[in-house]
Structure formats: C-alpha cells, structure tokens
Amino acid sequence: MIFIVAFLSSLLLSVSSTANALSLNYYDKTCPDAEDIVAKVVKNAAIKDKTVPAAVLRMHFHDCFIRGCDASVLLNSKGTNKAEKDGPPNISLHAFFVIDDAKKEVEAACPGVVSCADILAFAARDAVVLSGGPTWDVPKGRKDGRTSKASETAQLPAPAFNISQLQQSFSQRGLSMDDLVALSGGHTIGFSHCSSFQKRIRNFNATHDIDPTMQPSFAATLRSVCPANNAAKNAGATMDPSSTTFDNTYYKLILQGKALFSSDEALLTTPNTKDLVSEFAGSQVAFSEAFVKSMIKMSSLTGGQEVRKDCRVVN
Ligand code: HEM
C-alpha cells in the first residue's frame, strides 16, 4: 500500500511538472464519454484491419518524441511546409483515419473540448488493450501544437542506433534506460519493412556479411524475405511471431539473437539493460507493469497550445 501511494504521488508529481498539467478527471465534466467513444472507434477499426493497433501505438510514440505529445504527427503538409507525417521515418506510419474517425465522433458529442493529442494517447492505450496487453488510466489535458516539420523527424531514434545513441535520445526527453527497455517492448506487436533492418543482413561491415549478433537461421530467413537492394519496397517481417499479441515474446527473441533491429539487440550491451531484458523475458507481469509506468511517463511529455477542430489542420 505504501509503495502504491508513493508510486502514485511520484507519478502525479512528474505529470504535473510538464507544460500542460495533466489530470485523470480532466474531461469528467466537459466530455465524460470521450474515452469510451475513442475506444469504440479503435476497436471497430482493429476488427476490420489487424494492423491498426501497432500503427496507432507507434504513431503516439512518434508524436511524443517530437515537440511532446501534441498531435504534431497528425498535421498535414501545407504549402511549402512539409509536416512530420512526410518525414522519412514517418512514411511508414498509417491508420491516421482511425484518429480522424474518433475525433469526428468526439466532436459530435462535445465540440472543441478534447484535443487530438489526448485522443491519440487514448487510442494508443486502447491499441495495447485490444492486443491483449495491460490497461491504464491515461492522464488527460494535452493540447495540440501548431508546428510540424518533417526535418524534425531526424530527431527520432533510428533502428541502427547503439545503446549510447538510444540513451541520449531518451534522456533528452527525460526518459531513463529503464524506460527505454520497457518501451522498446512496443515491438511485441507490428511489422517492419526490410529497409529498417537490411543493413544487418547484407554487407554488414568489412568482416561480416551478416550482423554476428543475429542468430544465423533467423538472418537467413530475413534474407529470403528481403531481396538485395531493397528491391521489394513492401516486403518485411513481423516484429515477433505473435505480432498481434502484446506479450513478452519480444524480450525472449532478443536473448535468442532474433530481434529485428540493432536498437533492439543493443539492449543487451549494458549490464543493467541486459538484466532488465532477462527479467521481462521471464515475467510478463514485470514487463506489463514497467510498460504502463513508462508509457504514462512518455505520454505526459506535453507541448501544445490549442484544441484542434480537425486533427490534420491547425485552427
Ligand atoms: C527505441 C527506439 C525505437 C526505434 C529505433 C524504433 C524503430 C522502429 C522501426 C524502424 C520500425 C519499423 C518501421 C517500418 O519499417 O515500417 C518500428 C516499428 C514499430 N515500433 Fe518502434 N522503435 C523504437 C521504439 C518504439 C517505441 C517506444 C514504441 C512504442 C511504445 C514502438 C512501437 C513500434 C510499433 C508498434 C511498431 C510497428 C508499427 C506497425 O506495424 O505499423 N517503437 N519501430
């Protein structure tokens, strides 16, 4: 009990120290059904298209890492301004229609009240739940930003990052190495294009054709799926064999040399992160608890100013 109280107070402290103070009861009076409306839309979309949950979870991560969780990733390019959405790492984002649909329904119930950034945070939580993962109360009250620049997507961590590059990227946003290991578990669901890991499976370096940290038969399978020179643009692999189920398989695969990205494998390169990978590989509960804690922390990085009427356009 003491632990829970201490945990909740430290969480509230960290949440309230961000730019927009977030709270759990933010819409209680102004839009009490907002979360239910979003959950219903995400669920219906996921029933029709199994790739929706992973897409929405990644979209929220990419939103939060650029200018905080301010829905900057949802804005369309306009005139000479190329928006985040059209930056290289975001070309593979998809399922924006889910957030549009949710916003439309929320606007019909309570116009001008619920930010797109909050809707995306709810949807990311719903995506995890729909995949069989843990649930949590999302702190609310984010505002939507007015700026979105494709050039800023260069600040997103890349799949070729080593552990110190990952550490830097996360710590710049107030996130720890523990957060890095827990949040990387988002890779328990979804799909990756060959382009994101092809450097590991051909011409890796002067001495190795294949990244020696990869399990050889795993690398061979990836080579058979991904033609040389990225010739098949849509080809790729699921993040893990249970790619629609939010479980701890991702960590087991890392330990077996079967992770897709160098950034996944990199979690084994410091003693602390390696210990955590082993802990999560051995305990779904430990992973779920850590993931929830780190998601609340990441999704509380705020930065916007307004409540957009249309998630694709500033007011
Ligand atoms: C630690 C740094 C991270 C790197 C370098 C990274 C990199 C990537 C890359 C390269 C892809 C594949 C994109 C493609 O080729 O289509 C991907 C997919 C994905 N990532 Fe990450 N990621 C990171 C962290 C995260 C975090 C923190 C989350 C969420 C908590 C996340 C959730 C996802 C999901 C769900 C997918 C699958 C998307 C889909 O199927 O549409 N990633 N990531």
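Just so you know, these numbers come straight off a predicted model, no measurement behind them. Values below: every heavy atom of this structure, side chains too, minus hydrogens, waters and symmetry copies. Just so you know, ligand 1 is whichever comes first in the structure, and atom 1 is the first atom listed for that ligand.
- Under 4.0 Å from ligand 1, the heavy atoms of F261 that appear belong solely to its side chain.
- If you look at H60 next to ligand 1, there are no close heavy atoms at all, none under 4.0 Å.
- Among protein heavy atoms, atom 30 (C) of ligand 1 sits closest to L183 O, 3.4 Å.
- Of all protein heavy atoms, the one closest to atom 41 (O) of ligand 1 is H94 NE2, 3.3 Å.
- Taking every non-hydrogen atom of G186 and a distance limit under 4.0 Å, the qualifying atoms of ligand 1 come out as 35 (C).
- Of the possible polar contacts, none joining the D264 side chain to the A259 backbone as a donor-acceptor pair under 3.5 Å is found.
- A donor-acceptor contact closer than 3.5 angstrom links the side chains of Y27 and D118.
- For atom 16 (O) of ligand 1, the closest non-hydrogen atom of the protein is H193 ND1, 2.7 Å.
- Judged purely by distance below 3.5 Å, without hydrogens or angles, the side chains of D178 and S176 never pair a donor atom with an acceptor atom.
- Side-chain atoms of S115 never come within 3.5 Å of backbone atoms of D144 as a donor-acceptor pair (strictly under, hydrogens ignored).
- For ligand 1, the polar-atom distance check finds no N/O of S184 at less than 3.5 Å from any of the ligand's N/O atoms.
- Atom 43 (N) of ligand 1 has H187 NE2, 3.0 Å as its closest protein atom, hydrogens excluded (heavy atom only).
- Summary of contacts: the protein heavy atom closest to atom 34 (C) of ligand 1 is R58 CB, 3.8 Å.
- In this structure, K78 contributes its side chain and N76 its backbone to no donor-acceptor pair below 3.5 Å.
- For ligand 1, the atoms sitting less than 4.0 Å from at least one non-hydrogen atom of G190 are 37 (C), 40 (O), numbered in the order shown with element in parentheses.
- Of the N and O atoms on the side chains of N90 and T153, not one donor lies less than 3.5 Å from an acceptor on the other residue.
- Only the backbone of A158 comes within contact range of ligand 1, with a heavy atom under 4.0 Å; no side-chain atom does.
- Proximity of the aromatic rings of F291 and F246 is defined here by a centroid distance below 6.0 angstrom, and this criterion is met.
- What sits closest to atom 35 (C) of ligand 1 on the protein, heavy atoms only, is A54 O, 3.3 Å.
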side-chain contact (heavy atoms from CB on, under 4.5 Å), that's the test. Do F122 and V42 meet it? Break it down for me. CA-CA 9 Å; F122 299 156; V42 179; over 6 Å; no
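- Not a single heavy atom of F161 sits less than 4.0 Å from an atom of ligand 1.
- Only the side chain of S196 comes within 4.0 Å of ligand 1, judged by heavy-atom distances.
- Not a single donor-acceptor pair under 3.5 Å links the side chain of D70 to the backbone N or O of A117.
- Residue contact check: F170 has heavy atoms under 4.0 Å from atoms 1 (C) of ligand 1.
- Of all atoms in ligand 1, numbered sequentially from 1 with element shown, those under 4.0 Å from a heavy atom of P157 are 2 (C), 5 (C).
- When each of V277, D275, L276 is paired with E279, the side-chain contact (heavy atoms from CB on, under 4.5 Å) condition holds for L276 and for no other.
- Of the possible donor and acceptor atoms, one in the side chain of S77 sits under 3.5 Å from a partner among the backbone N and O of A83.
- With a 4.0 Å cut-off on non-hydrogen atoms, S92 touches ligand 1 through its side chain and not its backbone.
- Residue contacts with ligand 1 for L180 involve side-chain atoms from C-beta outward but no N, CA, C or O (heavy atoms, distance under 4.0 Å).
- The closest donor-acceptor contact from the side chain of N203 to the backbone of D209 lies at 3.5 Å or more, if one exists at all.
- A salt bridge does not link E84 to R67: none of the charged nitrogens lies less than 4.0 Å from a carboxylate oxygen.
- The ligand atoms of ligand 1 that sit less than 4.0 angstrom from a heavy atom of S263 are 5 (C).
- Within the 4.0 Å heavy-atom cutoff, T51 does not count among the residues contacting ligand 1.
- Using a 4.0 Å cut-off to heavy atoms of S192, the atoms of ligand 1 that qualify are 12 (C), 14 (C), 15 (O).
- Between R125 and S299, the side chains place no donor N or O within less than 3.5 Å of an acceptor N or O (distance only, hydrogens not considered).
- Scanning all protein heavy atoms for the shortest distance to atom 18 (C) of ligand 1 gives M239 CE, 3.1 Å.
- Shortest contact from atom 24 (C) of ligand 1 to any protein heavy atom: F61 CE2, 3.3 Å.
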